[in-house]
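So that the names make sense, note that chain A is the first sequence line, chain B the second, and so on, each numbered from 1. Values below: all heavy atoms of this structure, side chains included; hydrogens, waters and symmetry mates excluded.
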Amino acid sequence: SPMICPVRLNLESKMNWGTFYAVISGVNRHSTGIGRIWLSVIFIFRILVLVVAAESVWGDEKSGFTCNTQQPGCNSVCYDQFFPISHIRLWALQLILVSTPALLVAMHVAHRRHVDKKALKRSGRGSPKELEHIKNQKFEITGALWWTYMISIVFRLIFEVAFLYVFYLIYPDFKMVRLVKCDSYPCPNTVDCFVSRPTEKTIFTVFMLTVSGVCVLLNLAEVVYLIARACKRCMNRPEDEAKAAWITQRLSSYRQNEINQLIADHSLKSKLTVTKKSPTEKGERCSAF
Amino acid sequence: MSWPALYAQLVGTNRHSTSLGKVWLSVLFIFRVMVLVVAAESVWGDEQSDFTCNTLQPGCENVCYDQFFPVSHIRLWSLQLVFVSTPTLLVSMYVAYRNHCDKRRILQGQEEELETLKKRRLPIAGALWWTYLCSLVFKMMFEGGFMYALYVVYDGFQMPRLVQCDQWPCPNLVDCFVSRPTEKTIFTIFMATASSICMVLNLAELAYLVEEGTGREEKPAAGRER
């Protein structure tokens with residue numbers, strides 16, 4: 001069920017994270033258990049914390065940045081030198097980029113449904129009930145979907161690690177300093193500049209980095225889990241159904257309906273049926289290959 | 001700006017798009033509208049209040065800000081997004097017109113047919129194909145036009161830290177300092193990149209439509225398309 005952001009400070013930005021959540025959580029049906037945990041961690045510990053707390057801490061980052069000089073422009077220039085991009089913006093971009101590979105999976109599922117619908121219509125069994133069933137069908141993570149899912153997790157990992165690295169490059173220390181010394185033009189000499197709320201910012205930075213690390217671990221666990229599942233499926237395949245399963249998997253899954261029709265004519269229909277539940281794990285050929 | 005309302009409008013037109021069109025819509029909303037609302041608006045929020053000139057002369061800051069920033073990046077991007085989204089409405093208007101014409105031909109009382117009429121997905125052929133093509137061309141023109149306008153008005157995508165201004169009433173050539181120039185440069189480059197990706201998607205969709213359209217002409221009586 002969709003989460004409702006409890007605090008409504010800035011209506012527009014809240015509504016957009018809300019829409020974003022609605023879009024991303026639609027992918028939840030086709031995720032593994034670890035994938036769902038990852039999604040919850042993203043929304044509760046990162047987006048919600050970002051919106052509700054961190055934005056107020058960094059809200060006065062520029063107005064509260066004071067330099068020990070009356071020279072106009074020195075504040076701006078020193079702020080720009082020490083904070084090329086604000087933590088808040090980096091985290092928002094990181095969250096957006098890290099969440100979007102999940103849409104790859106949604107696109108793949110939509111494509112499969114579209115193709116199944118077409119095949120069904122062509123074979124003449126396009127009753128509204130069957131079309132509804134296809135809309136709500138939950139696909140098992142096997143075959144091409146397994147690869148799409150794997151690729152989406154790899155991209156997630158890459159983006160997550162890339163942003164952590166960029167963060168390290170720009171702000172090498174996770175601690176926020178209280179005082180910076182600056183002497184860019186037009187500051188008349190080396191002036192002391194003071195950062196607003198450094199301790200609170202350090203606390204939130206540590207929190208967000210920790211949760212980022214947890215998400216990386218969850219993604220790695222999911223990769224390992226998917227590979228383990230694929231190998232288990234590979235090894236459990238019994239020999240008697242091997243040939244039928246081999247034919248089915250060989251001609252990719254979206255031709256399944258057409259194959260059924262063909263084989264029905266050759267009276268092998270009992271072995272290959274398109275039912276709501278996909279064939280038991282034992283009956284499927286190793287899906288990753 | 002009520003972006004959710006725009007989103008609701010455009011998602012309705014999604015049914016009659018090609019797959020590339022659907023990808024384009026997602027890229028538009030996630031990488032452009034969301035980034036604009038969530039991040040960019042806070043970066044440009046204090047653009048005028050924090051624009052400081054090295055003078056006490058009243059009015060000098062206002063005049064210099066106006067000279068160097070005739071229209072803010074945020075407003076340009078919002079306008080760009082609105083203009084780029086609207087050609088899709090051409091397509092939905094045409095579909096609504098077709099449905100209206102077809103409805104009139106159906107006799108009263110045939111409720112089922114009316115329902116299927118509302119829910120059907122028209123194939124992209126004939127006049128709909130031309131409408132779709134026009135909407136793509138307009139999208140690309142607006143996209144390119146706004147990017148070019150931004151480039152010309154701001155002399156490139158980089159935001160300078162310091163501008164020198166001598167408009168009346170500034171007493172002489174004064175230094176004026178822009179707030180957060182590096183962050184603004186980063187976001188300008190990000191939005192320009194997202195814009196280019198959208199243009200590439202539109203080009204790809206155009207090529208796909210043209211190929212599909214010409215393919216259909218070559219095989220008019222074919223049963224099934226590959």
Side-chain angles (χ1 to χ4, degrees), chain A residues 10-20 22-24 47 50-51 55 58-63 65 70-86 88-93 95-97 99-100 103-104 106-107 110-111 114 117-118 122 128 131 166 170 184-186, chain B residues 1-8 11 14 19 22-23 25-27 29-43 45-46 49-56 60-61 112 115-116 119 121 159 161-163 174-187 190 223-225:
Chain A
N10 181 351
L11 196 65
E12 286 219 322
S13 68
K14 285 292 194 306
M15 286 174 87
N16 268 284
W17 280 118
T19 320
F20 188 63
V23 168
I24 299 290
I47 293 186
L50 188 76
V51 166
E55 278 186 357
W58 267 266
D60 62 357
E61 53 179 335
K62 180 129 200 297
S63 48
F65 184 81
Q70 294 239 346
Q71 171 63 44
C74 181
N75 267 10
S76 282
V77 165
C78 290
Y79 177 81
D80 185 62
Q81 183 185 346
F82 286 95
F83 301 104
I85 177 169
S86 163
I88 296 283
R89 256 74 70 181
L90 257 183
W91 288 328
L93 279 178
L95 285 169
I96 291 175
L97 283 175
S99 311
T100 30
L103 294 178
L104 274 178
M107 286 198 268
H111 172 75
H114 177 68
K117 250 194 224 176
K118 258 192 182 167
R122 253 186 263 159
L131 291 172
V166 164
I170 301 178
S184 330
Y185 177 83
Chain B
M1 175 69 212
S2 179
W3 295 112
L6 184 69
Y7 178 74
V11 154
N14 227 1
S19 330
K22 292 172 186 163
V23 172
L25 194 72
S26 309
V27 169
F29 270 91
I30 295 176
F31 292 104
R32 294 172 73 181
V33 175
M34 259 215 90
V35 169
L36 187 76
V37 169
V38 161
E41 278 183 354
S42 8
V43 177
D46 58 3
S49 49
D50 263 356
F51 182 79
T52 16
C53 291
N54 190 3
T55 178
L56 283 177
C60 179
E61 276 179 7
E112 262 177 49
E115 274 306 304
T116 43
K119 290 200 187 132
R121 183 175 175 252
M159 179 68 81
R161 216 182 236 193
L162 161 71
V163 293
V174 297
D175 291 335
C176 293
F177 301 91
V178 178
S179 95
R180 311 185 210 244
T182 314
E183 206 165 356
K184 289 181 181 173
T185 307
I186 292 174
F187 274 98
F190 184 92
R224 289 189 335 198
E225 277 173 28

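- Neither the backbone nor the side chain of B:Cys176 comes within contact range of chain A, judged by heavy atoms closer than 4.5 Å.
- Top candidate by heavy-atom pairs under 4.5 Å with chain A, chosen from B:Thr52, B:Asn54, B:Val43, is B:Asn54.
- Here the OG1-CD1 distance, from B:Thr185 to A:Ile85, works out to 10.5 Å after rounding to the nearest 0.5 Å.
- For the pair B:Leu162/A:Tyr185, a side-chain contact is recorded, criterion being any heavy-atom separation below 4.5 Å from C-beta on.
- With a threshold of 4.5 angstrom between heavy atoms, A:Gln70 does not approach chain B through any atom at all.
- Note that CD of B:Glu183 and CZ of A:Arg89 are 4.5 Å apart. Values are rounded to the nearest 0.5 Å.
- For chain A, no part of B:Phe51 is nearby; none of its heavy atoms comes within less than 4.5 Å.
- At a 4.5 Å heavy-atom cutoff, A:Ile88 makes no contact with chain B through either its backbone or its side chain.
- When each of B:Lys184, B:Met159, B:Arg161 is checked for a side chain to side chain contact (heavy atoms under 4.5 Å, CB included) with A:Asp80, only B:Arg161 meets the rule.
- Taking NE2 of A:His111 as the reference point, atom OG of B:Ser19 lies at 8.0 Å (rounded to 0.5 Å).
- The distance from atom NZ of B:Lys22 to atom CG of A:Leu103, rounded to the nearest 0.5 Å, is 14.5 Å.
- Of all heavy-atom pairs spanning A:Pro72 and B:Phe177, the tightest one is O-CE1, 3.4 Å.
- In this structure, the portion of A:Gln71 lying under 4.5 Å from any heavy atom of chain B is its side chain and not its backbone.
- Using a 4.5 Å cut-off between heavy atoms, A:Ser86 touches chain B through backbone and side chain atoms alike.
- Across all their heavy atoms, B:Asp50 and A:Ser76 have their closest contact at O-OG, 3.8 Å.
- Distance OG1/A:Thr100 to CD1/B:Ile30: 6.0 Å, rounded to 0.5 Å.
- If you measure heavy-atom distances from B:Phe190 to chain A, the contacts under 4.5 Å come from the side chain alone.
- Within the model, atoms OH of A:Tyr79 and OG1 of B:Thr182 stand 10.0 Å from one another, a figure rounded to the nearest 0.5 Å.
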